[in-house]
Amino acid sequence: MLKAKSLLLLIALITGFQCLAQDTGRNIISLNDQWEFHKENGPAEAITLPHTWNDKDVLDDAPGYYRGVGTYKRKLKLDESAKNKAVYLVFNGVAQEVEVLVNGQSAAKHIGSYTRFIVPINRFLNYKDDVIEVRATNRFNEDIPPLTADFTFFGGLYRNVNLLITNPVHFSQKENGSAGVFITTPQVSAATASVQVKSSIDNSSIAAKKVQVETVVFDAKGNAVANQTTEVNINNGGNMMVVQHIKAIQKPQLWSPENPYLYRVITKIIDTKTKAVIDQVSNPLGFRWFKFDAEKGFFLNDKAVKIIGASRHQDYENRGNATPDALQIRDIELLKAMGGNFLRVAHYPQDPQILEACDRLGILASVEIPVVNTITESEAFTQNCLNMQTEMIKQNFNHPSIIIWAYMNEILLRLKFSSDKPRQQVYFNHVRVLAQKLDSLTRKLDPSRHTMLVNHGAWDIYNKVGLTKIPMIVGWNLYSGWYSGVPEDFGKFLDRHHKELPNTPFMVTEYGADADPRIRSFSPIRFDKSVEYAVKFNQVYLNAMLSRPFVAGGIAWNLADFNSETREETMPHINNKGLLTIGREAKDTYFLYQAYLSAQPYLKITSAQWKERTGTADSASLTTSTQSVQVATNLKSAELFLNGKSLGLKAAVDHIIDWQVPFINGINQLRVVSADQSDESEIYFQLQPFKFNAANIPFKNINVLLGAKRFYIDEKEHQLWMPDQPYRAGAWGYVGGEPYKGTNNRITYGSDKNILGSDNDPVYQTQQVGIRQFKFDVPDGEYEIALHFAELVGGEAKEALAYNLDNNHKKEIEEQRIFGVSINGTPFMPKLNLALDFGYTTAVKKTTRITVQNGKGISVDFSAIQGKPVLNAIQLRKIY
Ligand code: GCB
């Protein structure tokens with residue numbers, strides 16, 4: 001057998017890669033480059049991993065996305081000298097059914113998008129011109145979770161692929177994609193900590209082998225603090241589990257969010273005769289203990305810790321789930337910087353980098369398999385769930401950050417078989433049995449952590465089916481004040497759990513409100529998607545959880561906006577409940593969390609995120625427009641200055657201070673000061689004249705949303721849209737009509753349908769119905785006017801999202817709508833039938849130029865031919 005040093009040389013030669021010389025007996029090399037990819041019957045293209053074939057089609061207007069087969073091919077340069085080695089391909093994640101072929105022969109199959117699998121390939125290699133082929137499909141398969149969920153099931157080879165070359169005797173690669181080494185801390189206290197290491201070792205050579213298994217524990221400085229060596233003889237073709245009880249470490253450094261102290265455990269297989277290192281792996285080790293108390297909440301190392309954190313999906317703006325390592329790691333850094341101490345890895349295991357970052361940064365974690373919304377009552381489904389749970393646990397076993405394994409999310413969201421109660425009972429039984437199996441398996445595989453099952457807020461049904469009795473911790477996903485009810489109901493739910501299940505610890509595993517960063521409001525309401533509503537919502541939730549010790553913690557949904565193809569609303573295909581945007585820009589809510597959680601003095605002008613504003617001049621001043629500005633802080637009070645002038649000292653309420661700020665046209669400097677803290681921002685304000693003839697305010701252009709109370713910032717074209725107003729003489733506004741209100745009571749105005757043919761959906765989602773006129777009393781001159789329409793009623797009826805709990809859609813009553821539009825008496829569109837001429841929910845923009853003379857201003861007149869005329873938005877621009 002080759003010695004370790006010559007192995008490295010060999011690998012360097014055969015792979016053509018420059019290898020770092022390290023005496024570990026193994027080498028692992030990225031295979032992310034040089035793939036050729038094609039969709040079934042599609043053209044071939046050269047790609048680099050990570051890759052998904054759905055990065056674009058999930059964002060287009062056509063419902064659905066490609067869910068089918070994709071094939072990846074790559075050459076592998078190995079030569080005959082690798083014959084003495086064990087050669088593996090390591091796939092960190094492929095969606096979702098995959099077959100790996102080597103030189104045309106099937107080498108392995110794997111099911112499930114979110115866990116690693118390792119393929120031994122020696123017996124297929126020719127060591128000359130080897131070719132790897134990966135056939136993957138993300139088609140719907142009723143036996144593979146997730147079946148339905150509020151996220152996009154991207155296809156592809158979307159995580160890193162590695163080549164692993166070891167000596168024939170090596171840490172087993174047959175342990176469900178894990179490292180083959182499992183570390184526990186059977187006893188741990190501030191005084192002393194014991195370590196147990198179980199190593200699974202394979203001998204794939206033809207001879208039995210005498211080896212030493214050496215484990216050394218290193219502290220963070222690199223000092224060896226404990227070690228143990230065990231001698232074993234492993235049969236040819238055999239496997240052996242070597243268990244080492246390592247001498248207790250006195251006064252261990254403890255791992256915690258404030259001090260995430262990591263030890264390193266290096267386990268080696270050493271040739272007894274030659275003393276050469278045959279194989280070696282390294283694992284993190286953290287000493288910590290924890291408990292969940294139904295009365296007093298969560299304790300880490302005997303210290304009460306309120307869990308506050310966020311869930312995370314793995315996708316990124318315009319990249320789908322093919323997110324590079326650096327961006328994955330950055331997410332955890334952003335969570336840490338927010339003041340969070342917990343990550344719910346939801347709704348599926350994620351890239352290995354994520355939990356490594358949690359270990360390193362001191363973020364506690366739960367991980368779960370993607371059993372979401374519903375199950376299939378088949379043996380294959382059950383088996384796939386159990387396999388996923390096993391893979392998840394074994395692959396992530398050694399991360400000190402993990403304290404919880406979970407396995408079901410809102411499984412009774414939409415009740416199946418509601419019209420057939422006996423059948424429904426059978427289904428409930430299946431769900432309970434599956435939950436029980438997953439829970440028992442988890443406790444068996446890892447007795448050192450807690451199990452968790454996550455429910456939505458339908459208290460009765462989860463209790464009735466028995467799902468609150470199975471796990472060690474119950475998770476509740478609560479959205480009062482979003483999908484139903486008011487935010488204040490949230491606290492009542494927490495108290496109910498405490499009263500009715502006094503011995504069951506629980507966490508709020510989700511809560512959140514959509515915040516489209518482009519939408520702002522001074523009268524925020526549920527489902528308007530404004531950032532302001534989300535800020536209020538989060539204040540109520542944080543207060544309720546922080547004031548109740550029995551609530552172990554709360555996990556915001558979600559760290560960042562994420563892809564959910566079936567969603568429509570203001571930003572179609574994206575769920576906007578992130579504290580960060582999908583490109584990871586902080587929203588006001590993220591700063592609110594910093595204000596709540598920061599141990600240091602904190603002061604931030606959150607409204608600085610709304611950096612381009614528009615509004616009408618105040619009637620009193622005519623040169624300023626007064627709008628509110630918010631500051632998030634953990635200080636008692638602060639003073640705000642506008643362009644150097646104090647606007648007074650004000651006290652914080654729930655970590656927010658609100659000022660009424662008289663903005664001037666153009667650039668406005670804001671500075672907030674408290675003790676030795678300060679923050680500054682610059683806001684550009686486009687002032688609209690109170691009356692068009694007001695002397696010193698030049699009129700440039702105005703963009704008005706009809707039937708809306710919200711502001712909308714079109715970041716692409718730099719247009720600032722403002723809410724409408726009834727016509728005021730000398731100014732502008734609508735005459736007649738009322739705001740469109742859909743058939744869904746949840747939304748107080750507007751529609752949540754995807755508007756086809758535009759990325760500016762909010763421009764079209766509200767409208768004034770029955771409008772008679774829109775007037776601008778502008779002075780004489782040349783103008784360009786644009787009218788925006790969309791037929792919001794009718795079209796293809798789509799199923800409401802499962803999450804919309806008070807989904808009380810009444811059937812839409814379609815009516816013929818035909819109307820004429822004239823401008824200053826001249827017919828512009830004499831007979832407009834939006835549905836027929838353009839299609840339902842389709843953006844229609846009609847532009848014209850007008851010469852205004854004789855002081856007549858502009859009047860757009862609407863005349864009904866059938867049904868009620870509508871106008872969604874209007875723009876006016878002065879040319880000269
Ligand atoms: C939930 C689900 C999560 C959704 C979230 C939402 O309860 O667990 O997958 O994304 O609500 O935003 O509706």
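- When each of Arg526, Lys577, Lys587 is checked for a salt bridge (Lys or Arg N to Asp or Glu O under 4.0 Å) with Asp514, only Lys577 meets the rule.
- Formation of a donor-acceptor pair under 3.5 Å by the Asn703 side chain with backbone atoms of Gln875 is not found in this model.
- Looking at Phe685 and Ser625, their side chains come closer than 4.5 Å, going by heavy atoms from C-beta outward.
- Evaluated for a side chain to side chain contact (heavy atoms under 4.5 Å, CB included) with Ser607, the options Val629, Leu670, Val661 yield exactly one hit, Val629.
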Run the ring pair (Phe, Tyr, Trp, His ring centres under 6.0 Å) test on Phe641 and Trp659 for me, step by step, so that the C-alpha distance in whole Å, both residues' side-chain angles and the decisive distance to 0.1 Å come before the verdict.
CA-CA 10 Å; Phe641 295 85; Trp659 275 274; 9.5 Å; no
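- Looking at heavy atoms from C-beta onward, Met507 lies in side-chain contact with Ile404 at the 4.5 angstrom threshold.
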Show your reasoning for whether side-chain hydrogen bond (donor to acceptor under 3.5 Å, both in side chains) applies to Tyr316 and Asp331.
CA-CA 10 Å; Tyr316 203 90; Asp331 275 1; over 6 Å; no
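- Between Trp482 and Phe527, the ring planes are parallel. Angles under 30° get that label, and only those over 60° would be called perpendicular.
- Asp658 and Gln630 share a donor-acceptor pair across their side chains, judged by distance under 3.5 Å alone.
- Ring pair Trp476/His497 is perpendicular by interplanar angle, where above 60° counts as perpendicular and below 30° as parallel.
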Go through Glu368 and Arg344 one step at a time and tell me if the salt bridge (charged side-chain N to carboxylate O under 4.0 Å, His left out) criterion holds.
CA-CA 8 Å; Glu368 63 203 48; Arg344 177 175 174 218; 2.9 Å; yes
Check against side-chain hydrogen bond (donor to acceptor under 3.5 Å, both in side chains), Thr570 and Asp761
CA-CA 6 Å; Thr570 55; Asp761 295 63; over 6 Å; no
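- A donor-acceptor distance shorter than 3.5 angstrom exists from the side chain of Gln765 to the backbone of Glu569, with no hydrogens or angles considered.
- Remark: side-chain polar atoms of Lys336 are paired, donor with acceptor, to backbone N or O of Leu361 under 3.5 angstrom.
- Two residues are said to be in side-chain contact when any heavy atoms from C-beta on lie closer than 4.5 Å; Phe550 and Pro502 fail this criterion.
- Sorted by first then second residue, the salt bridge (Lys or Arg N to Asp or Glu O under 4.0 Å) pairs that include residues 472-499, not counting sequence neighbours, are Asp460-Arg496, Asp489-Lys492, Asp495-Arg548, Arg496-Glu500.
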Taking it one step at a time, do Asp528 and Tyr749 satisfy side-chain contact (heavy atoms from CB on, under 4.5 Å)?
CA-CA 8 Å; Asp528 66 359; Tyr749 55 75; 3.7 Å; yes
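- Between His347 and His313, the angle of the ring planes goes over 60°, which puts this pair in the perpendicular group of the 30/60° scheme.
- Across Arg520, Arg710, Lys709, a single residue satisfies salt bridge (Lys or Arg N to Asp or Glu O under 4.0 Å) together with Glu532, and that is Arg520.
- In this structure, Arg728 satisfies the cation-pi test against Phe690, with its NZ or CZ atom closer than 6.0 Å to the six-membered ring centre and inside 45 degrees of the ring normal.
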Start with the C-alpha gap between Ser401 and Asp359, add the side-chain angles, then the distance that decides, and say whether side-chain hydrogen bond (donor to acceptor under 3.5 Å, both in side chains) holds.
CA-CA 5 Å; Ser401 51; Asp359 292 345; 2.6 Å; yes
Gln660/Thr626 under side-chain hydrogen bond (donor to acceptor under 3.5 Å, both in side chains): CA gap, chis, key distance, verdict:
CA-CA 6 Å; Gln660 291 301 312; Thr626 303; over 6 Å; no
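- Counting all heavy atoms, side chain and backbone alike, Thr509 lies closest to Gly475 at OG1-C, 3.2 Å.
- With a 4.5 Å cut-off on side-chain heavy atoms, Ile519 and Pro762 count as touching.
- The 12-atom threshold is exceeded at CD of Gln669, counting heavy atoms of other residues, nucleotides or ligands nearer than 6.0 Å.
- With contacts defined as side-chain heavy-atom distances shorter than 4.5 Å, the pair Leu647/Pro662 qualifies.
- Residues Trp732 and Ile874 form no side-chain contact, since every pair of their non-hydrogen atoms from C-beta on lies 4.5 Å or further apart.
- Contact of the Ile683 side chain with the Ile605 side chain is not registered, since no non-hydrogen atoms from C-beta on lie closer than 4.5 Å.
- Although no hydrogens or angles enter the test, the distance criterion places no donor-acceptor pair under 3.5 Å between the side chain of Asp654 and the main chain of Ala652.
- With hydrogens and angles disregarded, no donor-acceptor distance shorter than 3.5 Å links the side chain of His573 to the backbone of Ser564.
- Considering only residues two or more places apart in sequence or on other chains, Arg288 meets the side-chain hydrogen bond (donor to acceptor under 3.5 Å, both in side chains) condition with none of them.
- In this structure a side-chain-to-backbone donor-acceptor pair under 3.5 Å is present from Asp516 to Arg518.
- Using cut-offs of 30° and 60° on the angle between ring planes, the pair Phe290 and Phe292 is perpendicular.
- A donor-acceptor distance shorter than 3.5 angstrom exists from the side chain of Asn872 to the backbone of Tyr764, with no hydrogens or angles considered.
- The backbone N or O of Lys700 sits nowhere less than 3.5 Å from a side-chain atom of Gln686 that would complete a donor-acceptor pair.
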Passes ring pair (Phe, Tyr, Trp, His ring centres under 6.0 Å), His498 versus Phe506? Steps please.
CA-CA 9 Å; His498 186 220; Phe506 76 99; 8.1 Å; no
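- In this structure, the side chain of Asn477 engages the main chain of Glu510 through a donor-acceptor pair within 3.5 Å.
- Applying the ring-ring contact (aromatic ring centres under 6.0 Å, His included) test to residues at least two apart or on different chains, the pairs with a partner in residues 605-637 are Phe522-Trp610, Trp610-Phe711.
- Between the side chains of Asn558 and Asn575, no donor N or O sits under 3.5 Å from an acceptor N or O.
- Using a distance-only test at 3.5 Å, with no hydrogens or angles considered, a donor-acceptor pair links the side chain of Asn634 to the main chain of Ser598.
- The closest side-chain heavy-atom distance from Asp679 to Val631 is not below 4.5 Å.
- The number of heavy-atom neighbours closer than 6.0 Å to NZ of Lys753, taken from other residues, nucleotides and ligands shown, is above 12.
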